[in-house]
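Computed over heavy atoms, backbone and side chain alike; hydrogens, waters and symmetry mates excluded. So that the names make sense, note that chain A is the first sequence line, chain B the second, and so on, each numbered from 1.
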Amino acid sequence: MRLATWNINSVRLRIDLVTAFLKSADVDVLCLQETKTEDAHFPADALIEAGWAHHAIRGEKSYNGVAIIAREPLSDSGHMDWAGREDCRHISATTANGIKVHNFYVPAGGDVPDRDENPKFGHKLDFIAEMTAYFSQNKPQRSILVGDLNIAPLAEDVWSTKQLKNVVSHTDIERDGLLRLINDGGWSDVVRQHFGDDEVLYSWWSYRARDWAASNRGRRLDHIWTSRDLAAGVTDVTIHSDMRGAEKPSDHAPVVIDL
DNA sequence: ATGGTGGGTCACCCA
């Protein structure tokens, strides 16, 4: 099975890019974040026509929104609410080969890394803490967690760990929190394990650069983790940074694993 | 320290 995660930043604007990617990368299961559309307007027909007929979707107007798109039937689709809100930041479903997939869009957290000054940062920390509590008490098996987690946990996950020390997404409290979620939650960071500790990895490059590729100031915000029983079954990992260079691109690149 | 760009919806919200 080939599974991908991609923050698409409007699935309606980029549906042709999505179907082209599904075909060219030969993806079986695609998890999207920031679909930014209510379910009634989700571009299901284009996906069905392309050969990906099975969808678990959870969207709202303008903001957030997650989806799981598959070639083979999905079952047991559901979601949970996090940090006391009903925003569309989580959806789960079981794939035809019996793997439970959790797809998350963790809050970005605003600009100021202080929960007293900036409620968005508190929301983000609360969200991560709830995920940690949930998976610590419900240890995953035959499961995969993906998404835009909006945290780059390691020094090799950002272009400058020094310059991003106080930038939301790479502060110590976020980095520690995400690593605790991996460790206590029973997950394996199979992308990092595949490439090794020293490889610099990015999945996101800001729109606010004259030339994103030349400056290459990226961060690894998008993650794929497996439950520990599945980790040894990962045979390949690819970050499709070429998609960041597409016409009218998302600011995120797809991350793909073969299992 | 600052401003840089992009998406959604309709004066700003969000990233």
Side-chain angles (χ1 to χ4, degrees), chain A residues 5-21 31-44 46 57-67 81-91 103-115 117-128 146-153 157-160 162-171 174 178 202-223 241-255:
Chain A
T5 183
W6 195 7
N7 178 320
I8 196 61
N9 188 18
S10 175
V11 69
R12 283 194 280 180
L13 186 70
R14 281 183 253 283
I15 185 59
D16 291 346
L17 195 59
V18 170
T19 54
F21 171 70
C31 299
L32 296 175
Q33 303 86 34
E34 280 207 272
T35 54
K36 290 187 171 176
T37 179
E38 293 167 298
D39 295 348
H41 302 304
F42 187 84
I57 61 177
R58 185 161 177 254
E60 62 188 284
K61 194 174 181 178
S62 302
Y63 304 113
N64 310 318
V66 284
D81 290 320
W82 304 84
R85 304 189 192 201
E86 295 182 359
D87 50 4
C88 297
R89 295 182 179 275
H90 171 251
I91 193 166
N103 179 13
F104 281 95
Y105 176 48
V106 171
D111 289 331
V112 181
D114 180 322
R115 68 156 64 235
E117 283 180 46
N118 170 22
K120 291 180 185 176
F121 194 67
H123 180 211
K124 182 179 197 174
L125 298 181
D126 292 346
F127 198 107
I128 294 290
V146 309
D148 177 3
L149 307 184
N150 267 313
I151 298 173
D157 294 331
V158 294
W159 64 274
S160 167
K162 196 172 165 184
Q163 286 179 258
L164 294 177
K165 184 173 174 50
N166 297 312
V167 173
V168 172
S169 74
H170 194 63
T171 62
E174 293 169 272
L178 202 74
Y202 309 141
S203 66
W204 172 88
W205 294 259
S206 172
Y207 284 127
R208 299 175 189 176
R210 260 172 252 148
D211 185 332
W212 70 275
S215 59
N216 197 26
R217 295 185 168 189
R219 307 176 201 170
R220 186 170 71 111
L221 304 179
D222 304 274
H223 298 272
S241 50
D242 55 313
M243 285 293 109
R244 181 62 180 82
E247 189 152 347
K248 298 278 271 177
S250 168
D251 45 354
H252 295 254
V255 181

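A straight line from CZ of A:Arg244 to C1' of B:dT5 spans 9 Å, rounded to a whole angstrom. Rounded to whole Å, the distance from CG on A:Asn7 to P on B:dA15 is 11 Å. The nearest whole Å value for the distance from the CG atom in A:Leu149 to the P atom in B:dA15 is 15 Å. Nucleotide B:dG6 holds its P atom 12 Å from the CG atom of A:Leu13, rounded to whole Å. Protein atom CD1 of A:Ile8 is 15 Å distant from nucleotide atom C1' of B:dG8, rounded to whole Å. We find that CZ of A:Arg217 is positioned 16 Å from P of B:dT5, with the value rounded to whole Å. What separates CZ of A:Phe121 from P of B:dA15 is a distance of 13 Å, to the nearest Å. Going from atom CD of A:Gln33 over to atom C1' of B:dA15 covers 13 Å, rounded to whole Å.
A:Arg14 comes within 4.0 angstrom of the backbone, heavy atoms only, and of no base. As judged by a 4.0 angstrom heavy-atom cut-off over every strand, A:Arg210 is placed among residues making no nucleic acid contact.
A:Asn103 meets the side-chain hydrogen bond (donor to acceptor under 3.5 Å, both in side chains) test with A:Gln33; sequence neighbours excluded. Residues satisfying the salt bridge (Lys or Arg N to Asp or Glu O under 4.0 Å) test with A:Lys165, not counting sequence neighbours, are A:Asp172. Applying the salt bridge (Lys or Arg N to Asp or Glu O under 4.0 Å) criterion to A:Arg115, with sequence neighbours excluded, gives A:Asp126. Remark: A:Asp222 pairs with no residue by the salt bridge (Lys or Arg N to Asp or Glu O under 4.0 Å) rule, at least two apart or across chains.
No donor-acceptor distance shorter than 3.5 angstrom exists from the side chain of A:Arg12 to the backbone of A:Pro43, with no hydrogens or angles considered. A distance-only check finds no donor-acceptor pair linking the side chain of A:Ser169 to the backbone of A:Ala152 [under 3.5 Å].
Each of A:Ser62 and A:Glu34 lies near DNA chain B, and the nucleotide nearest A:Ser62 is the one positioned closer to the 5' end. For the pair A:Pro107 and A:Ser10, both in contact range of DNA chain B, the more 5′-proximal nearest nucleotide belongs to A:Ser10.
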Watson-Crick or G-U pairs under 3.5 Å in DNA chain B, rendered as dot-bracket with [ ] for crossing pairs and | for another strand
....((((...))))

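Between B:dG4 and B:dT9, the two P atoms lie 25 Å apart (nearest whole Å). Separation of the P atoms belonging to B:dG6 and B:dC10 is 22 Å when rounded to the nearest angstrom. Nucleotides B:dA15 and B:dG3 place their C1' atoms 16 Å apart, quoted to the nearest Å.
For the pair A:Arg217 and A:Trp159, the cation-pi criterion (under 6.0 Å, within 45° of the ring axis) is fulfilled.
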Under 3.5 Å, which protein N or O atoms sit close to an N or O of nucleotides 10-14 of chain B? Give each pair with its distance.
from   : atom 1 : to       : atom 2 : distance (Å)
B:dC14 : OP2    : A:Lys120 : NZ     : 3.4

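Other residues, nucleotides and ligands contribute more than 12 heavy atoms inside 6.0 Å of the CG atom of A:Asp242.
Between A:Phe104 and A:Trp82, the angle of the ring planes goes over 60°, which puts this pair in the perpendicular group of the 30/60° scheme.
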Taking it one step at a time, do A:Asp157 and A:Arg219 satisfy side chain to side chain contact (heavy atoms under 4.5 Å, CB included)?
CA-CA 6 Å; A:Asp157 294 331; A:Arg219 307 176 201 170; over 6 Å; no

